[in-house]
Amino acid sequence: SRFFLYALKYGILSANKKQRKEQKMIFKTKKELLNLLPMVLKTMNAKEIVLDFQNGEIVDMVLINKIFESKFLESFEYSDKHFCTIDGILYSADKKTLKRCPKGRTGEVIIPDGVKEIEYGAFRNCKISSVKMPDSLRCIKGHAFSTCCNLKTVDFGNGLKEIGDVYSGYIFLFCENLKHLKLPRQIRYIAPNTFDDSGLESIELSKSIEGIGPEAFRYSNVTKVKLN
């Protein structure tokens with residue numbers, strides 16, 4: 001197709017059979033990315049996108065968000081003074097904020113130690129089934145895991161004290177396969193609408209929990225609450 005001819009001409013898509021099968025796309029310049037991204041999103045199920053700019057060009061979060069619209073993307077690789085990637089997931093350059101996880105990512109995600117914040121909508125619409133959070137984590141922003149329909153298990157670690165805040169709710173909205181949760185003892189607060197319209201059926205909380213926001217479990221299936 002014209003797309004493949006253009007991509008091969010500019011070295012964006014390798015002619016190597018193995019690489020084609022893996023559908024890894026490597027962009028060498030920002031111009032190439034801007035020219036081909038609409039076709040990538042519409043006609044290609046590229047599983048891995050690498051931005052390997054040779055001329056010092058950088059991309060902003062607006063363009064990165066556009067790349068992450070792809071429901072097939074499993075891994076993203078890029079780094080500059082603002083961003084870096086670890087295991088195909090986008091972080092701030094200082095590795096303290098998890099910015100975005102590709103929607104096509106599956107299986108377990110282990111967030112590395114040192115990360116303090118999960119950004120708004122970071123995992124929204126992802127296909128992950130499990131997430132393990134580090135003890136360094138301090139903040140989960142709104143819609144962080146909303147519509148993660150395959151998510152079944154969440155390990156909150158031993159550092160997080162609040163799930164969202166009064167301004168950041170809907171953390172696990174529409175997580176229909178999240179059936180059971182045991183929150184660690186240090187959790188003191190659950191934000192409004194955190195488990196709204198989720199599949200949650202049972203939850204174990206600490207007796208020392210200090211606050212649960214309005215409608216935190218609205219439209220969920222919670223029938224069992226245990227205090228420990």
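Note that the structure is a prediction, hence the values are computed from the model and not measured.
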(request) Start with the C-alpha gap between F83 and I58, add the side-chain angles, then the distance that decides, and say whether side chain to side chain contact (heavy atoms under 4.5 Å, CB included) holds. (result) CA-CA 10 Å; F83 307 108; I58 61 174; over 6 Å; no

(message) Is any side-chain heavy atom of K95 closer than 4.5 Å to one of C84?
(response) yes

(request) Output the distance between atom CD (E210) and atom CD (E162), rounded to the nearest 0.5 Å. (result) 8.5 Å

(message) Exactly one of F145, Y219, F217 should register a ring-ring contact (aromatic ring centres under 6.0 Å, His included) with F172. Which one does?
(response) F145

(request) Give a yes or no on whether the backbone of I64 and the side-chain of Y78 come within a donor-acceptor separation of less than 3.5 Å. (result) no

(request) Measure from the side-chain N and O atoms of Q186 to the backbone N and O of G157, and report whether any donor-acceptor pair falls under 3.5 Å. (result) yes

(request) Look at the side chain of N65 and the backbone N and O of F68, then say whether any donor-acceptor pair between them is shorter than 3.5 Å. (result) no

(message) For a 4.5 angstrom cut-off between non-hydrogen side-chain atoms, does N228 reach R185?
(response) yes

(request) Using a 4.5 Å cut-off on heavy atoms from C-beta on, say whether the side chain of L37 contacts that of L63. (result) yes

(message) For a 4.5 angstrom cut-off between non-hydrogen side-chain atoms, does I128 reach L151?
(response) yes

(message) Does any part of the side chain of D197, heavy atoms only, come nearer than 4.5 Å to the side chain of S220, both counted from C-beta?
(response) no

(request) Step by step, work out the side chain to side chain contact (heavy atoms under 4.5 Å, CB included) result for H82 and M61. (result) CA-CA 10 Å; H82 301 294; M61 199 64 204; over 6 Å; no

(message) Hydrophobic cluster membership, with links at side-chain heavy-atom distances under 4.5 Å among I/L/V/M/F/W/Y: are Y167 and I212 in one?
(response) no

(request) Could you tell me which non-hydrogen atom of G169 sits nearest to which non-hydrogen atom of A191, and how far apart they are? (result) CA-CB, 4.3 Å

(request) Taking only Lys NZ, Arg NE, NH1 and NH2, and the carboxylate oxygens of Asp or Glu, determine whether R105 and D87 approach each other closer than 4.0 Å. (result) yes

(request) For residues L183 and I203, determine if any side-chain heavy atom of one lies less than 4.5 Å from a side-chain heavy atom of the other. (result) yes

(request) Indicate, with yes or no, if L178 and L160 share a hydrophobic cluster defined by side-chain heavy-atom contacts under 4.5 Å among Ile, Leu, Val, Met, Phe, Trp and Tyr. (result) yes

(request) Report the relative orientation of the aromatic rings in Y170 and H143; use parallel for angles under 30°, tilted for 30 to 60°, perpendicular for over 60°. (result) parallel

(message) Nearest 0.5 Å, please: how far is CD in E117 from CG in L137?
(response) 8.5 Å

(message) Taking V222 as the starting point, is it possible to reach L227 by hopping between hydrophobic residues whose side chains are less than 4.5 Å apart?
(response) yes

(request) Would you give the length of the straight line joining atom CD1 of I171 to atom CD1 of I163, rounded to the nearest 0.5 angstrom? (result) 8.0 Å

(message) So, using salt bridge (charged side-chain N to carboxylate O under 4.0 Å, His left out) as the criterion, who are the partners of D196 when residues are at least two apart?
(response) R218

(request) Following the transitive rule for hydrophobic clusters with a side-chain heavy-atom cut-off under 4.5 Å over Ile, Leu, Val, Met, Phe, Trp and Tyr, establish whether L73 and I89 coincide in one cluster. (result) no

(request) Would you indicate whether the side-chain heavy atoms of F53 and D80 approach each other to under 4.5 Å? (result) no

(request) Output the distance between atom NZ (K103) and atom CZ (F123), rounded to the nearest 0.5 Å. (result) 14.5 Å

(request) Compare every heavy atom of R100 with every heavy atom of G121, then report the nearest pair and how far apart it is. (result) O-NE, 4.1 Å

(request) List the atom of D94, the atom of S92, and the distance in Å for their closest heavy-atom pair. (result) OD1-OG, 2.6 Å

(message) Check whether N158 reaches the backbone of D135 with its side chain - one donor and one acceptor, N or O, closer than 3.5 Å.
(response) no

(message) Run N55 and K30 through side chain to side chain contact (heavy atoms under 4.5 Å, CB included) and show every step you take.
(response) CA-CA 9 Å; N55 52 10; K30 189 173 181 179; over 6 Å; no

(request) Count the heavy atoms of every other residue, nucleotide or ligand shown that sit under 6.0 Å from NZ of K127, and state whether that count exceeds 12. (result) yes

(message) I'd like to know if the side chain of S129 reaches the main chain of K152, judged simply by a donor and an acceptor atom lying under 3.5 Å from each other, with no hydrogens or angles considered.
(response) no

(message) I'd like to know if L181 and V109 are part of one continuous hydrophobic network [Ile/Leu/Val/Met/Phe/Trp/Tyr, side-chain heavy atoms within less than 4.5 Å].
(response) yes

(message) Nearest 0.5 angstrom please: E119 CD to Y91 OH, how far?
(response) 13.0 Å

(message) Before you tell me yes or no, could you show the steps for L205 and I187 under side chain to side chain contact (heavy atoms under 4.5 Å, CB included), namely the whole-Å CA-CA distance, both residues' side-chain angles and the distance that decides it to 0.1 Å?
(response) CA-CA 8 Å; L205 308 169; I187 296 290; over 6 Å; no

(message) For R188 versus S206, what's the shortest heavy-atom pair and its separation?
(response) NH1-OG, 4.5 Å

(request) Would you confirm whether S136, through its side chain, and V115, through its main-chain N or O, come within 3.5 Å as a donor-acceptor pair? (result) yes

(request) Give the minimum heavy-atom separation between H180 and S202, together with the two atoms involved. (result) ND1-OG, 2.6 Å

(request) Please report the closest heavy-atom contact between F76 and P102, naming both atoms and the distance. (result) N-CG, 4.3 Å

(message) If you define the side chain from C-beta out and look only at heavy atoms, does anything of K66 sit under 4.5 Å from L41?
(response) yes

(request) Starting at CD1 of I49, measure out to CD of Q23 and round the result to the nearest 0.5 Å. (result) 11.0 Å

(request) Taking K179 for its side chain and E176 for its backbone only, find out whether a donor-acceptor pair lies under 3.5 Å. (result) yes

